[in-house]
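Written below as structure tokens is the structure these notes are about.
Index from 1, following the sequence. Because only heavy atoms are used, hydrogens play no part in the values below, and waters and symmetry mates are left out as well, while side chains stay in.
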Amino acid sequence: MKKILEDERLSKLNHSCAHLLAQAVKHLYPEAKFWVGPVIEEGFYYDIDLGDKVITEEDIPLIEREMKKISKDGKRIFRKEISKDEAIEMFQEDPYKQDLISRMDENETIITCYSQGDFTDLCRGPHVETVKELKYFKLLKFSGAYWKGDSKNKMLQRIYGVCFDTEEDLSEYLKELEEAAMRDHRKIGKNLNIFMSHDLVGKGMPLWLPNGAIIRKNLENYIYEKEQKLGYKHVYTPCVGTVDLYKTSGHWDHYKENMFPSMKVDDEEFVLRPMNCPHHMLVYANDLHSYRDLPIRIGEFATDFRYEASGAVKGLERVRCMCQNDAHLFVRPDQIGEEFKKVVSLILDVYQDFGLKNYKFRLSLRDPEDKEKYFDDDEMWNEAENKLREVLNEFGISYYEAIGEAAFYGPKLDVEVKPAVGPEVTLSTCQLDFLLPRKFELSYIDREGNKQIPVVLHRAIFGTFDRFTAFILEETKGLLPFWLAPTQINIIPVNNEYHLEYSESLYEKLKDYRIELDDRNEKLGYKMRESVTRKIPITLIIGQKEVDGNLVSYRLHGSEETTTVTYDEFIKMIKEKIQNRK
């Protein structure tokens, strides 16, 4: 999908088209007043006060028609510099522009406006030369928007649009939007009853419904089994901690703005935890450790809370309450390379199972000039960053470096995955940390009987179960693999009178799987369509042939072909699906 904000020409086109939209609205609704109309990644929008008028679906084609009429007229677009007093005089009947002008810097003596025919608007520009260049545009959606984003202010009408240089580019973009809408995990999640949200619970606090809980539990089981085989020991720790805990770790100084406010209980001050590493440091510190004990791998499926701006919250992808697939590996310095390789191998193993191929590795480093964000210890940072480079190079992994993207306590490897639609997302991470073990005074006894400080690897394979579920729903359009699907098998008797008894016997035999029996008195075609809509991987159709021959006829989702086999052959087929977990 084209990145409009990063393309100078597209940015100029969309900026100009926002003015074209405003001019058309002014023609159709002379009393309209305008707030702001910026370029955004998806095109542009304009916030408009239409008095008592509320935009409807029927209004959009009328506005587009007027925009095309103005464009064909071909008026030139003129830039003009005016003084602040002239601007106040020019827009004296528009309180929104008056507010913009009044808040301009006192030193900003020159203000620019742009005119096209009978319409003039405040703007810094730049714009195209004539409105004739604005041929290929589309108004995409509309919504309400509070003036200045404040719910105490008046609700304005926000109209979104996009503009391109060619009809082909516009058509391609609209197809991409259509595909993105089909893959939007929020829509899929609602249609398949996977998760919900409610204002009484709060923004960014999703509720996992039974179908979603099945998906999440299977993901947990999947990664738990892999971690068990690799020697991880899982724990449970509280989802709150004292402020002193995060002052000790350094998160209070470096991460406070991303945390929820603290709360006082008796004589203690608590905060919802944003991450689990401080808790795991204390778990390690609970016992004495010899060099022989290391590496120690502590894992947890942990609920964390981070403050996200309400405008950034999005379904399961960006939330304020999340569950991390988290682990901390406590290692000797000589074990860093081998353990880091094992983490990368686990990431690649998981990605292969889920069919993820379009991804890249990013080595996130500190910005040496940023003394506020990053712990100030050049020797520690140089050692940590060089160690990760050394391991990556030795492992033969292709990566690129990103300055200023490290955690405050150490560099990290991020895996950026390209989804079917939209920008890249970071799923897996592995961070190298020399700092927190010092802050918590962690130690182990070396061969000579001396105390040494371990090194910690922070790692998350799925990242969070929330974001990974959102990613998988969009990748598959909700058609999850058999082992992960909330309902795996749906049995449909052709005629309840003759075929229900055999269908019920199959239902009882297949209860080890997530199975449903559709015994409603509905037509076969209706029940089949519903099974497809619910994206159930396997649908059994039981008619007289199946009853007489003790057979099973099944149809895989997305196929029009019905396959008839013996019961034993059917069981063998679905067992292979479970074992392969592909």
Side-chain angles (χ1 to χ4, degrees), residues 149-152 197-208 234-286 298-328 366-367 370-377 404-410 412 426 429 431 433-442 456 458-460 463-467:
D150 188 339
S151 60
K152 296 177 183 177
S197 59
H198 200 287
D199 289 343
L200 285 176
V201 177
K203 293 180 180 177
M205 304 285 184
L207 288 80
W208 292 71
H234 275 241
V235 299
Y236 294 100
T237 60
C239 58
V240 297
T242 65
V243 168
D244 288 338
L245 175 66
Y246 295 102
K247 285 182 177 178
T248 300
S249 68
H251 290 98
W252 193 252
D253 293 330
H254 295 278
Y255 204 78
K256 185 179 178 182
E257 68 278 5
N258 300 107
M259 299 167 70
F260 277 82
S262 60
M263 49 193 165
K264 290 188 177 181
V265 180
D266 298 328
D267 58 347
E268 293 182 290
E269 191 175 2
F270 291 93
V271 68
L272 292 169
R273 69 175 175 192
M275 67 284 296
N276 320 298
C277 31
H279 293 72
H280 290 187
M281 300 295 149
L282 297 177
V283 170
Y284 175 90
N286 188 55
I298 298 173
E300 183 174 7
F301 302 148
T303 301
D304 297 328
F305 300 84
R306 297 178 184 177
Y307 174 73
E308 293 279 359
S310 58
V313 168
K314 181 184 177 184
L316 293 177
E317 183 180 318
R318 197 147 186 135
V319 293
R320 289 172 171 172
C321 171
M322 66 210 73
C323 183
Q324 291 204 68
N325 166 217
D326 204 13
H328 295 89
R366 70 159 174 165
D367 179 355
D370 191 342
K371 301 300 182 182
E372 289 188 15
K373 180 178 178 182
Y374 298 107
F375 187 73
D376 191 10
D377 186 331
E405 295 297 323
F408 77 86
Y409 48 75
K412 60 178 178 172
T426 299
T429 64
Q431 304 170 16
D433 179 7
F434 289 84
L435 177 61
L436 262 59
R438 296 185 198 174
K439 286 183 169 287
F440 283 92
E441 299 180 353
L442 304 185
V456 171
H458 307 243
R459 50 108 291 196
T464 71
F465 291 104
D466 312 76
R467 176 173 286 187

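Rounded to the nearest 0.5 Å, atoms NE2 (His251) and SG (Cys277) are 4.0 Å apart. Between atom CE of residue Met281 and atom CD1 of residue Ile298 there is a gap of 8.5 Å, rounded to the nearest 0.5 Å. Of the inter-residue distances, the one linking Asn325 atom CG with Phe301 atom CZ reads 5.5 Å to the nearest 0.5 angstrom. Distance check: His198 NE2 to Met205 CE gives 15.0 Å after rounding to the nearest 0.5 Å. Atoms CG and CD, on Asp367 and Glu405 in that order, are 10.0 Å from each other to the nearest 0.5 Å. Between the CG atom of Leu272 and the OH atom of Tyr307 there is a distance of 14.5 Å, given to the nearest 0.5 Å.
The 12-atom threshold is exceeded at NZ of Lys314, counting heavy atoms of other residues, nucleotides or ligands nearer than 6.0 Å. By the neighbour-count criterion of 12 heavy atoms within 6.0 Å, atom CG of Asp150 is densely surrounded, having more than that number from other residues, nucleotides or ligands.
In summary, Arg467 and Glu317 do not engage in a salt bridge, as defined by a charged side-chain N under 4.0 Å from a carboxylate O.
With hydrogens and angles ignored, the 3.5 Å screen pairs a side-chain donor or acceptor of Asp466 with a backbone N or O of Cys323. In this structure, the side chain of His279 does not engage the main chain of Cys239 through any donor-acceptor pair within 3.5 Å. No side-chain donor-acceptor contact under 3.5 Å links His328 to the backbone of Val456. When atom types are taken as modelled, the side chain of Arg366 and the backbone of Gly404 share no donor-acceptor pair closer than 3.5 angstrom.
A heavy-atom distance below 4.5 Å is not found between the side chains of Pro278 and Thr248. At a threshold of 4.5 Å between non-hydrogen side-chain atoms, the residues Met259 and Trp252 count as touching. Two residues are said to be in side-chain contact when any heavy atoms from C-beta on lie closer than 4.5 Å; Val240 and Val271 fail this criterion. Contact annotation: the side chain of Leu282 approaches that of Phe440 to within less than 4.5 Å [non-hydrogen atoms, C-beta and beyond].
For Ser249 against Leu436, the heavy-atom pair with the smallest separation is O-CD1, 3.5 Å. In this structure, Glu308 and Val319 approach most closely via the heavy-atom pair CG-O, 3.5 Å. Summarising the geometry of Asp433 relative to Leu435, their closest heavy-atom pair is OD1-N, 2.7 Å, with the distance given to 0.1 Å. Between Ala406 and Gly410, the closest heavy-atom pair is CB-O, 3.5 Å. Minimum heavy-atom separation, Val243 to Ser262: CG2-CB, 3.9 Å.
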CA sep, side-chain torsions, deciding dist, call: Leu316, Met322, side-chain contact (heavy atoms from CB on, under 4.5 Å) = CA-CA 9 Å; Leu316 293 177; Met322 66 210 73; over 6 Å; no

Given Glu269 and Lys264, is the salt bridge (charged side-chain N to carboxylate O under 4.0 Å, His left out) satisfied, shown in steps?
-> CA-CA 4 Å; Glu269 191 175 2; Lys264 290 188 177 181; 5.2 Å; no

Working for side-chain contact (heavy atoms from CB on, under 4.5 Å), residues Val313 and Arg320 | CA-CA 8 Å; Val313 168; Arg320 289 172 171 172; 4.0 Å; yes

Take His458 and Thr429 through the side-chain contact (heavy atoms from CB on, under 4.5 Å) test and state the conclusion after the steps.
-> CA-CA 8 Å; His458 307 243; Thr429 64; over 6 Å; no

For Leu207 and Val201, run side-chain contact (heavy atoms from CB on, under 4.5 Å): C-alpha distance rounded to whole Å, both residues' side-chain angles, the deciding distance at 0.1 Å, then the answer.
-> CA-CA 9 Å; Leu207 288 80; Val201 177; 3.8 Å; yes

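Remark: the His234 side chain and the Glu300 side chain contain no N/O donor-acceptor pair separated by less than 3.5 Å. Side-chain contact of Asp304 with Gln324: a donor-acceptor pair under 3.5 Å is present, judged by distance alone.
Exactly one residue among His254, Arg273, Lys256 makes a side-chain contact (heavy atoms from CB on, under 4.5 Å) with Tyr246. That residue is Arg273.
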